[in-house]
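Before any comments, here is the structure.
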Amino acid sequence: MALLQISEPGLSPEPHARRLAVGIDLGTTHSLVATVRSGTAEVLPDESGEVLVPSVVRYRRDGAPQVGEAARAKAATDPLNTIVSVKRFMGRSAAEAALTSDAYRYRDGEGMVRIVTDSGDVSPVEVSAEILRVLHDRAREALGGEIEGAVITVPAYFDDAQRQATKDAARLAGLEVLRLINEPTAAALAYGLDSGREGVYAVYDLGGGTFDISILRLTRGVFEVVATGGDSALGGDDFDREIARWALEQAGMDAGTLEPVHWRRLLQEARRCKEALSDHDKAPFSVSLDDGQSIRLSLERATFHELTRPLLERTLGACRRALDDAGFEASDVQGVVLVGGSTRMPQVVEAVGALFGTEPLQDLDPDRVVALGAAQQANLLVGNRGDDDWLLLDVIPLSLGLETMGGLVEKLISRNSTIPVARAQEFTTYRDGQTAMAIHVLQGERELVENCRSLARFELRGIPPMAAGAARIRVTFEVDADGLLSVSACETTSGVRASVTVKPSYGLEDEEIARMLESAFATAADDMRARALREQQVEADRLLEALQAALSEDGDLLEADERAALDAECARLRSERDRGDVETLRDRIESLSRASEPFAARRMDRSVALALSGKSVDDL
């Protein structure tokens, strides 16, 4: 006999209902949204069937902002109010934004650049939110309900501030962010689930404004990112600029004299010409300027390849470094996934295939693959379980650490560590009676504070007064699944603690991260020598400070000639401290230590005598 299940009105269970979730690729040039329906990831189109939304927002004096194709159509005629490639400005100051592009008017805001338009000034977060709002509306209309969560992709090299800015933009657009994942990881996810492949794979992601390379190991549903790399703000936009500069040179015109509107028009034609060369051996380049000048040229594919060869070689150099970091040879890679519209260029496909010795995988549309992978992750995180479950193991792009005495960096989490991750290490006080400690959080690969990027500062107060070296301060770094960092410090005997969630004012730029890595590789030997010198200088300061305190307290234990000899050793150590010779400084430290040993023995004898004074053998 079947049982009848009775529920309150409106609360009957729906065993086959699925929660609505989306994956969003917030790109430099184009953005798109995808979801999983009937077990298959698909990109959602607009009412006219277009899936790509140009990442362009135009602000008008009257009326709501224009987003997408309507805005891009006005980019050449209204360049100051039409924001393109806003992703490059995320987490940057006005000065940094001006170095990236001089096409806009900037001012500094609270923590991030603001772009001045006719309708007021806006931040990159607000511009990105307009794009995300269009994608959000498209998803609600296509799926017929409220979206419960979204996975948004970011470049692997986005730092804490840039990731936080992306989450803020999503919140402004009314989206609940389930997780941020790296774009190459999302692409590998789409390929891994689609084809069931296992082994070592490379993801070569050349988008409009950024380049990432990731080496991943796929094993039984576990997607492990072994290493990531990239190059300085390098993307399809840079290929466009090379064509535009070539055209100006051929026409005998100076780029410095062009109005922003003319330069934008040249870049638009350069992009069209670049795309045409993917299918043809030559393409026309034709631009008319408002001052009556015009440029009429024909660009051959071979010439284009030669113009952009240095850009392509920079991406290949980053690939080689990522392979070295992962401990693999190119021959160990079973397949290479191409991501981003710029990988449609024939020279890219050819060069990547030659480097890895295998034909790049092109089963999925490189413009769509990131969004498809993000949609699959969103579907899993929102609770829609299917036949395929998996685990993502992503990594952080740069090492995280803190400042120690002498301006040295102690790394707690090394770059390419799998996230989420937590690391803890104990530190101690430098001076007697020290009751506070300043915690300075840093990011970078160099050995000295001055060569790394400052992320945050906070203080641990209330440490019980103790002798130098007696306190135990445990500092913990935690990086969550979105790549966001929090730091805490606790004095273990008293339980006093302090913490900070790292939200730096200005984020690291893609090119700054690349420069930091390249600088770390190029200067590794010099850095180690500098670190060794700084460590010896700290040891010299500690010894001199301790000896001076002892002489002030028990100097009467020394004869005049002994005191003079000890003072002379101290003077020699001080004079050697700043000369920069590590070995000589180490010898001076050892010499002073030996010279002070008799004095230390007498102090110990006096301390023991004082401790025993007035006590009988029975008491002891």
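Model, not experiment: these values are computed from the prediction.
- Leu442 and Leu402 make their closest contact through CD1-C, 3.9 Å (heavy atoms, listed as atom of the first residue, atom of the second, distance).
- Closest of all the heavy-atom pairs between Ala173 and His136 is O-ND1, 3.0 Å.
- Classification of Arg586 and Glu583 as a salt-bridged pair holds, one side-chain N sitting under 4.0 Å from a carboxylate O.
- For the pair Ala374 and Val151, the tightest heavy-atom approach, listed with the atom from each and the gap, is O-CB, 3.7 Å.
- Counting only heavy atoms from C-beta outward, the side chains of Leu372 and Leu189 never approach each other to under 4.5 Å.
- Proximity of a side-chain donor or acceptor of Asp212 to a complementary backbone N or O of Gly230 within less than 3.5 Å is not detected.
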Item to complete: Start with the C-alpha distance between Glu459 and Arg497, add both sets of side-chain angles, then the distance that settles salt bridge (charged side-chain N to carboxylate O under 4.0 Å, His left out), and finish with yes or no.
Response: CA-CA 9 Å; Glu459 288 188 349; Arg497 72 170 49 244; over 6 Å; no

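- Gln377 places a side-chain heavy atom less than 4.5 Å from the side chain of Leu380.
- A donor-acceptor pair under 3.5 Å links the side-chain atoms of Ser123 to the main chain of Glu126, judged by distance alone.
- Using a cutoff of 4.0 Å between basic side-chain nitrogens and carboxylate oxygens, Glu545 and Arg574 are not scored as salt-bridged.
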Throw together a table of side-chain donor-acceptor distances under 3.5 angstrom for residues 420-428, partners on residues two or more places apart or in other chains.
residue	atom	partner	partner atom	Å
Gln425	NE2	Glu410	OE2	3.1
Thr428	OG1	Gly469	O	3.2
Thr428	OG1	Ala471	O	2.6

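- Side-chain N or O atoms of Thr185 include none that pairs as donor or acceptor with a backbone N or O of Ile181 at under 3.5 Å.
- The closest side-chain heavy-atom distance from Leu592 to Cys570 is below 4.5 Å.
- Glu491 and Thr493 form a side-chain donor-acceptor contact under 3.5 Å, judged by distance and modelled atom types alone.
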Practice prompt. Could you go through the side-chain contact (heavy atoms from CB on, under 4.5 Å) check for Tyr201 and Val336 one step at a time?
Written response: CA-CA 6 Å; Tyr201 283 81; Val336 184; over 6 Å; no

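- Residues Ile213 and Val203 are not in side-chain contact: their nearest non-hydrogen atoms beyond the backbone lie 4.5 Å or more apart.
- For the pair Arg461 (side chain) and Ala436 (backbone), a donor-acceptor distance under 3.5 Å is absent.
- Between Glu576 and Thr584, the shortest heavy-atom contact is CD-CG2, 3.3 Å.
- Looking at Gln334, its side chain does come within 3.5 Å of a backbone N or O of Val200 through a donor-acceptor pair.
- Here Leu206 contributes atom CG and Leu234 contributes atom CG; the two are 6.0 Å apart, rounded to the nearest 0.5 Å.
- Looking at every heavy atom in both residues, Ala187 comes nearest to Val339 through CB-CG2, 3.3 Å.
- Between the side chain of Lys167 and the main chain of Val177, no donor-acceptor pair closer than 3.5 Å is present.
- With hydrogens and angles disregarded, no donor-acceptor distance shorter than 3.5 Å links the side chain of Glu569 to the backbone of Leu566.
- For Ser552 (side chain) and Gln548 (main-chain N/O), a donor-acceptor pair under 3.5 Å exists by modelled atom type.
- Atoms CD and OG1, from Gln434 and Thr429 in turn, are 5.0 Å apart once rounded to the nearest 0.5 Å.
- Remark: the backbone N or O of Arg577 is paired with a side-chain donor or acceptor of Gln537 at under 3.5 angstrom.
- Using a 4.0 Å cut-off between charged nitrogen and carboxylate oxygen, Asp325 and Arg321 do not count as a salt-bridge pair.
- Contact detail for Ile215 and Ala202: the closest heavy-atom pair is CD1-CB, 3.9 Å.
- Side-chain contact check for Leu412 versus Leu400: every heavy-atom pair is 4.5 Å or farther apart.
- Between Thr435 and Pro464, the closest side-chain pair of non-hydrogen atoms is not below 4.5 Å.
- Within the 4.5 Å cutoff, the side chain of Gln376 has heavy atoms near those of the Val36 side chain.
- A distance of 5.0 Å separates CG in Leu175 from CD1 in Ile24, rounded to the nearest 0.5 Å.
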Worksheet item: Please walk me through it: do Phe599 and Met604 pass side-chain contact (heavy atoms from CB on, under 4.5 Å)?
Response: CA-CA 9 Å; Phe599 177 45; Met604 179 65 72; over 6 Å; no

Practice prompt. Please lay out, stage by stage, how Gln536 and Ile589 fare under the test side-chain contact (heavy atoms from CB on, under 4.5 Å).
Written response: CA-CA 8 Å; Gln536 291 303 311; Ile589 292 172; 3.4 Å; yes

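- One finds the CG atom of Leu547 at 9.5 Å from the CG atom of Leu573 (value rounded to the nearest 0.5 Å).
- Comment: Arg602 does not engage Asp554 in a salt bridge, judged by the lack of any side-chain N to carboxylate O separation of less than 4.0 angstrom.
- Remark: the Glu590 side chain and the Ser593 side chain contain no N/O donor-acceptor pair separated by less than 3.5 Å.
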Discussion item. Before you tell me yes or no, could you show the steps for Leu485 and Val487 under side-chain contact (heavy atoms from CB on, under 4.5 Å), namely the whole-Å CA-CA distance, both residues' side-chain angles and the distance that decides it to 0.1 Å?
Written reply: CA-CA 7 Å; Leu485 170 67; Val487 182; 4.0 Å; yes

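- Taking 4.5 Å as the limit, some side-chain heavy atom of Ile463 sits within range of a side-chain heavy atom of Met437.
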